[in-house]
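So the structure is just underneath, and the comments pick up after that.
A quick note: this is a predicted structure, and the numbers were derived from the prediction, not measured. In each ligand, atom 1 is the first atom listed, and ligand 1 is the first ligand listed.
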Amino acid sequence: MADGGAPAARGSSRGVLIRDDWPGFPLHLFSFPKHYAEDLECVLIPHGIIMDRTERLARDIMSDLGDHDIVVLCVLKGGYQFCSDLVEVIKALSRTSERSLLMRVDFIRLHSYLNDQSTEDLHIVGPEDLSILSGKNVLIVEGIVDTGKTMKALLKHVVTFQPKMVKVAGLLVKRVASGVGSLPDYVGFEIPNRFVVGYALDYNEYFRDLSHICVISDDGKRKYKV
Ligand code: IMP
């Protein structure tokens, strides 16, 4: 499926590397909602593997930030499932280990995609006032970083509220030539430059109700195009 990736210092890891020639798992080997039967090409990352990787990221975050107070800033809508699962694991670790992490959770909603294309406009749909972040340790949690434009713009916005520290956790980072931003501090998987859906990642609001991360098919793109 993928490289493990060379062990790297946290803060620079590209996560689990999924190669360009990885064909994915055939759909029929997994369960998925039948309404998407014609709309997907393959399962790129099964739900169970996402959960296992999330557990490890939560441990890394705990060991770096444990005993601090943090504000988790969930980037909606694509980051909601990853954020929810990550927070659950951190909560469990806080209950069961010596160290604990006091978390507040807040949400920001961004919009920059139409069909499968990134648009130049980044809209912060709400809330724009993030003064709650002033002087705080902030962990931004995002589902996918593609060109990095969204994250760059969001970071620029967040620092205007003068947080004490900002870290970013991204479940997926796409391997794109035009990538602009820097890598998130915590990366789940580095994936090929293909349009993926599921686990809260959407194509025009569809596919959030799919547990695995899958590659959308051309039929799927046509069917749900706006
Ligand atoms: P960027 O600004 O190019 O990094 O785009 C980031 C945003 O684009 C993410 O927050 C997603 O909303 C969306 N996005 C980029 N690639 C995908 C994809 O493959 N599937 C679903 N959403 C994507």
Does a salt bridge link K223 with E38, judged by any charged N lying under 4.0 Å from a carboxylate O? no

Should I61 and L86 count as side-chain neighbours, where that means a heavy-atom distance under 4.5 Å? yes

Is the number of heavy atoms from other residues, nucleotides or ligands under 6.0 Å of Y206 OH greater than 12? no

Show which atoms of ligand 1 fall inside a sub-4.0 Å distance from at least one heavy-atom site of G148. 1 (P), 3 (O), 4 (O)

Within the 4.0 Å heavy-atom cut-off, what V75 brings close to ligand 1 is neither

So if I count the atoms of ligand 1 from 1 in the order they appear, which ones are less than 4.0 Å from some heavy atom of R194? 19 (O)

Does a sphere of radius 6.0 Å around NZ in K34 hold more than 12 heavy atoms from other residues, nucleotides or ligands, not counting ones at 6.0 Å or beyond? yes

Of all the atoms in ligand 1, which lie at a distance below 4.0 Å from a heavy atom belonging to T147? 1 (P), 2 (O), 3 (O), 4 (O)

In terms of side-chain heavy atoms, does D219 have a donor or acceptor partner in S217 at a distance below 3.5 Å? no

At a 4.0 Å threshold, what atoms of ligand 1 neighbour a non-hydrogen atom of E142? 10 (O)

Closer than 4.0 angstrom, basic N to acidic O: yes or no for D60 and R56? yes

Run the salt-bridge test on R175 and D20 with the 4.0 Å N-O cut-off and return the result as yes or no. yes

Among the heavy atoms of V176, does any lie under 4.0 Å from an atom of ligand 1? no

N/O of F195 under 3.5 Å from N/O of ligand 1, yes or no? no

Would you say V196 touches ligand 1, if touching means a heavy atom closer than 4.0 Å? yes

Assess K174 for proximity to ligand 1: is some non-hydrogen atom of it under 4.0 Å away? yes

